[in-house]
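Report on the structure given below.
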Amino acid sequence: MPASHVCPDCGTDLARLHALPDPHYGLRLVRCPRCERVCVRARDPLKVLWRSLRVRAAAALLMLGHGVVLLGMAIGFAAVAIDPLTRAFRRNNTREQMEIVIAMAILAGIASFWLGLAAPHRRLFERAGVWISVHAIGLACAFVFAQLLHAADLDTSPRVGPNPLVVWAGAAAGSLAVIMLTEPLVMLGRAAWRVGASGIFRLRRRRAKILRSGV
Amino acid sequence: MTSDNTPPVEQRTGEIQGDRLCLRCGFNLHGQSILREPHYNLLIVRCPECASVTGLQEYPTLGRWARRWAFVFAGVYALFVFAALLVAGLTSGAATLATAEEFEREVASHVAAEHRSWFQSTDQATVLRNSYPNQQAAVTQTIGSVNNWGSWAAVNEQWWRDGGKQSVREALNRSTPARMAILLAFTLIPLGGALMGVAFASLLPGLRGYRLLVVPLLVGLLAAAMSAAIRMANMGPPANFVEGYVRAVSLAREIVPQASWMVLLGLLLVGLSVGVLIGRSIVRFLVRLLLPPRTAAALGYLWEADGKTYRHRRA
């Protein structure tokens, strides 16, 4: 049995009347058949409670997910720059260098694509700033550690070849060019996402209409 | 004089005083204008974030179950926070104690290694067998421990006083892993505390300002209680050494202070305090940076917890 819904003007119970979305605001309205008074049909408070919980949890998870993915990609990028790329430079092996640089460009491209889709409200230079800031913080920490440890583990002495931190900084700066170049792809991806998402919602609306009509 | 084409005007009748979340995006509509709309003469409120309209004349609510479920959710949340505090306290205690003991073990293994080389080069095994002919079991255990027990090995106290301590100190000064371990411990432990603080500041929007310091207080009490209990119970394997020999780890405690775990716990709590005090600002910055405005509005409680209002800064 539906919950009682009494007209605040004439006292008629409107529970049996179907609430229809109005054309102006999309509110679920019921018009009293006796006094023509229009009332809003309340949403189920349990559903409202559940929805608010779900929305908050989803936002928090999205935030954490973005952080983890972004940090993961930045750490991967830094690890490749510090070890294999520095080693390739020290060996003076052009082919190895090219292979690693291409791999890093792909990684930076994926990071740029991800940031572009995940943070569409940010402009290109802001997204590039986020990526560079993560590397700048990492570089600063690594530099302090290297200094305090007398460069024992990172081997930052110039005798053996380029400093890994300089290679990392150079790679991070170079990744800016990749971020600029992937911007058209990001825009394409965003457009595809929008079309896909609206398509899904259209389908949902159509289903809801069919269910309402009782066909 | 107005023409027929003029759109009907909404009249402001007041403003929302309590908490009321937007049904679409979850934004708190507190402080928004209540409007009398011209089409149906209904009272409505508009969400400033997603622009959706919500009616305010709502009849009826579905009894008491919503409130009951709200209590259940609040209870589950409180339990979750309590469990998180418990885990944080125990983890903090375990991490600081394990790190301090790792320092001791590292130093003790250096003590044992330096002592072993002296023991073998001066043939102390023969000296021991000749000195204690009636205590062969203790002599065998002492010699065996010198070679195999690592940080729990037997160490000659006389050697330690005569120059062993100095040689261990020199070896430690040369050791990069030892420096690395100290450096990592002294930076990662406060950093871990700060991250915990950020998480707790986001989980406890009801606490503001210095009240947030109740979190490091509780975590510190739990961690200290657990660490002290373990510290007292941790005596190592039973040993029957000859006179003049003690465990390497007890000599290592002359180099590594006994209270090193307390120093580490103090550092962790400093990090935690800083984390809880500035945590919400950091999370707010990250939310603005990484989440689109509509999604970010759902986390508006992070602003409301500090008496602010989330507003999307339009580009």
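Proteins get letters first, then strands, A, B, ... in listed order; numbering begins at 1 in each. As the structure is a computational prediction, the values presented were derived from the model and not from experiment. Every heavy atom of this structure was used, including side-chain atoms; hydrogens, water molecules and symmetry mates were not.
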**Request:** Heavy-atom pairs under 4.5 Å with chain A are the metric here; pick the option from B/Ala297, B/Ser52, B/Pro292, B/Gly300 that has the most.
**Result:** B/Pro292
**Request:** Would you please classify the geometry between the B/Tyr310 ring and the B/Trp303 ring as parallel, tilted or perpendicular, with 30° and 60° separating the classes?
**Result:** perpendicular
**Asked** For the residue pair B/Phe186 and B/Phe103, does the interplanar ring angle fall in the parallel (under 30°), tilted (30 to 60°) or perpendicular (over 60°) class?
**Response** parallel
**Item:** A/Arg54, part contacting chain B, at a heavy-atom distance under 4.5 Å
**Value:** neither
**Message:** If I measure from the heavy atoms of chain B, does A/Val130 come under 4.5 Å with its side chain, its backbone, both, or neither?
**Reply:** side chain
**Prompt:** Is it the case that more than 12 heavy atoms not belonging to B/Glu304 sit under 6.0 Å from its CD atom?
**Reply:** yes
**Prompt:** Taking non-hydrogen atoms and a cut-off under 4.5 angstrom, which of residues 133-140 of chain A neighbour chain B?
**Reply:** none
**Among A/Arg127, A/His66, A/Arg122, residue most engaged with chain B (heavy-atom pairs, under 4.5 Å)** = A/Arg122
**Prompt:** Do you know the tightest heavy-atom contact between A/Leu185 and A/Phe113?
**Reply:** O-CE1, 3.4 Å
**Asked** So which part of B/Thr187 gets closer than 4.5 Å to some heavy atom of chain A, the side chain, the backbone, both or neither?
**Response** side chain
**Asked** Do side-chain atoms of A/Thr86 reach the backbone of A/Ala81 as a donor and acceptor pair under 3.5 angstrom?
**Response** yes
**Asked** Are more than 12 heavy atoms from other residues, nucleotides or ligands located less than 6.0 Å from atom CZ of B/Phe80?
**Response** no
**Request:** Check B/Leu291, B/Val283, B/Thr295 against A/Met63 for a side chain to side chain contact (heavy atoms under 4.5 Å, CB included) and give me the one that passes.
**Result:** B/Leu291
**Message:** Between A/Phe77 and A/Trp131, does the ring-ring contact (aromatic ring centres under 6.0 Å, His included) criterion hold? Intermediate values first, please.
**Reply:** CA-CA 11 Å; A/Phe77 187 87; A/Trp131 176 250; 5.6 Å; yes
